[in-house]
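These notes are about the structure you will find just below.
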Amino acid sequence: MKLYNLKDNSEEVNFLNAIKKGLGKKQGLFFPKYLPKFSARALDDLIKMDFINRSTHILSHFISDEIPLKDLKKKVKKAFSFTKPKLVSIKKNISCLELFHGPTLAFKDFGARFMAQMLSHWKEKNSIMTILTATSGDTGAAVAHAFYRMDNIRVVILYPKGRISSLQEKLFCTLGKNIHTIAINGSFDDCQYLVKQSFNDVQLKKKIGLNSANSINISRLLAQICYYFEAFALIPLKHHNDIVISIPCGNFGNLTAGLIAKSLGLPIKSFIAATNANDTIPRFLESGIWKPNYTISTLSNAMDISQPNNWPRVEEIFKRKKWNLNTLKSESVSDEKTIKSMRELYKQGYTSEPHAAIAYRILKKNMHKTDFGLFLGTAHPSKFQDTVEKILNTHIDLPESLQSRIHLKNLSHQMKPDFLKLKNFLLTKI
Ligand SMILES: *Cc1c(COP(=O)(O)O)cnc(C)c1O
């Protein structure tokens, strides 16, 4: 698969290089040059397959020139080796697509695990690779679990000490083996700056085979296309032309994957991009003016992003497919209304968390009677246990994957935000 850089179209790379580099020149995002399309008949055949075979088939249309089908299938099987997405009916014509049954209880498991499989496939034998990443929560956990116990790949995750929930810490700071976690005495920005300094150190980068496993990595988006097809396969046939999907958006990766799924021929009627108070996109679509505000902290903190870094990909796909950007609905939801929607869902017998509740609210507001509405459940409610328990005045049970880690020791190192200290760590802890 050839991909081009959205900031400098003359830079073209294959899939392998796109996933190794993450970003191109001028920090540009990579985008597929050729967008395949399935015929109606091919789509019918796809729907009959199981999740692993179907996902392999879809991905092969992008990357079979670089990875043989047999190997790809093995990798997909390993990446998606957890409970597949579930379609849960909330009320007549509204369902939640639950994407949080993976090891870290968020949809990010799909992308992170597939990316890990792809990077390990192309790692040169006996070479060492170091994945260095800064996290404010979700991404670090997904990346840690995705690379856990992989040979010759070591993961170093930096996070701001005391700024992520202890539950979240338990999820990825208790793994050990090839997963090293460091609590930095500083902010998330300090962590990000340390990562940046490490990548700027060319010698260090080479010596330890530094890779960022960045959230804008194209392999993540490809993996996420697969669950839109799964949703389609789960939805009764009679609704197949009425599907409206509402997505809780932060960096807009999930929406990008959905749009690619549509470009492949999945007949999604429309997408709705739901945001929290960080409403750069709804304002942009309304006014045509790009004016990010300061990022605001909200209940749906995985969406506290005011400069969504996948947005250029969203625009590109609309341009390439000659779709009208005005057909994309986008609205923001306040914390107050998020709480209202969580309570409304709870009354209907469904326990949700802030991110899904936002998508539900905007879906309900914008769908027609004859539509089949789907909102994405991006995280398990227990990931936001305190918030959810307080708002719904109930007790949330932890799923087994979290329960089993609660009593494990936190293995994190502590460090000042000091690059030389980090460098020393990176050079010695191999
Ligand atoms: C990351 C995340 C989002 C936002 O997804 P994007 O692809 O960045 O738009 C939404 N909900 C949860 C729970 C997340 O972890």
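Any value given below was found using the heavy atoms of this structure, including those in side chains, with hydrogens, waters and symmetry copies removed.
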Report the distance from atom [atom1] of [X] to atom [atom2] of [Y], rounding to the nearest 0.5 Å.
{"X": "L222", "Y": "M115", "atom1": "CG", "atom2": "CE", "answer": "12.0 Å"}
{"X": "L376", "Y": "I358", "atom1": "CG", "atom2": "CD1", "answer": "13.0 Å"}
{"X": "I225", "Y": "I260", "atom1": "CD1", "atom2": "CD1", "answer": "4.5 Å"}
{"X": "K21", "Y": "I218", "atom1": "NZ", "atom2": "CD1", "answer": "15.0 Å"}
{"X": "L119", "Y": "K75", "atom1": "CG", "atom2": "NZ", "answer": "10.0 Å"}

Taking [Y]'s backbone N and O only, do any of them form a donor-acceptor pair with [X]'s side chain (distance below 3.5 Å, no angle check)?
{"X": "D109", "Y": "A142", "answer": "no"}
{"X": "E66", "Y": "M1", "answer": "yes"}
{"X": "S246", "Y": "A359", "answer": "yes"}

> Which residue pairs satisfy the side-chain hydrogen bond (donor to acceptor under 3.5 Å, both in side chains) criterion with at least one member in residues 26-48, sequence neighbours excluded?
Replying inline: E12-K33
Any side-chain donor-acceptor pair under 3.5 Å between [X] and [Y]?
{"X": "Y360", "Y": "E344", "value": "yes"}
{"X": "S330", "Y": "R283", "value": "no"}
{"X": "N53", "Y": "K73", "value": "yes"}
{"X": "H380", "Y": "S382", "value": "yes"}
{"X": "D304", "Y": "N276", "value": "yes"}
{"X": "Y159", "Y": "S412", "value": "yes"}
{"X": "T256", "Y": "R313", "value": "no"}

Exercise: identify the closest heavy-atom pair between [X] and [Y]:
{"X": "P381", "Y": "I396", "value": "C-CG2, 4.4 Å"}
{"X": "R113", "Y": "S81", "value": "NH2-OG, 3.1 Å"}
{"X": "N217", "Y": "S219", "value": "OD1-OG, 2.8 Å"}
{"X": "I245", "Y": "I268", "value": "CD1-CD1, 3.7 Å"}

> What residues form a side-chain hydrogen bond (donor to acceptor under 3.5 Å, both in side chains) with D190, not counting sequence neighbours?
Replying inline: S187
>> Please report whether the ring centroid of F100 lies less than 6.0 Å from that of F107.
In response: no
> Aromatic ring centroids of Y227 and F110 under 6.0 Å?
Replying inline: yes
> Can a salt bridge be assigned to the pair K383 and E353 using a cut-off of 4.0 Å between side-chain N and carboxylate O?
Replying inline: no
> Does the pair D371/K269 count as a salt bridge with the N-to-O cut at 4.0 Å?
Replying inline: yes
Quick one: does [X]'s side chain get under 4.5 Å of [Y]'s, heavy atoms only?
{"X": "N254", "Y": "T378", "answer": "yes"}
{"X": "D279", "Y": "I281", "answer": "no"}
{"X": "L35", "Y": "K321", "answer": "yes"}

>> Would you call the rings of H240 and F232 parallel, tilted or perpendicular, taking 30° and 60° as the class edges?
In response: parallel
>> Please verify the inter-ring angle class for F80 with F114; under 30° counts as parallel, over 60° as perpendicular, anything in between as tilted.
In response: tilted
>> Strictly by salt bridge (Lys or Arg N to Asp or Glu O under 4.0 Å), give each pair with a member in residues 326-336 just once, sequence neighbours left out.
In response: E331-K365
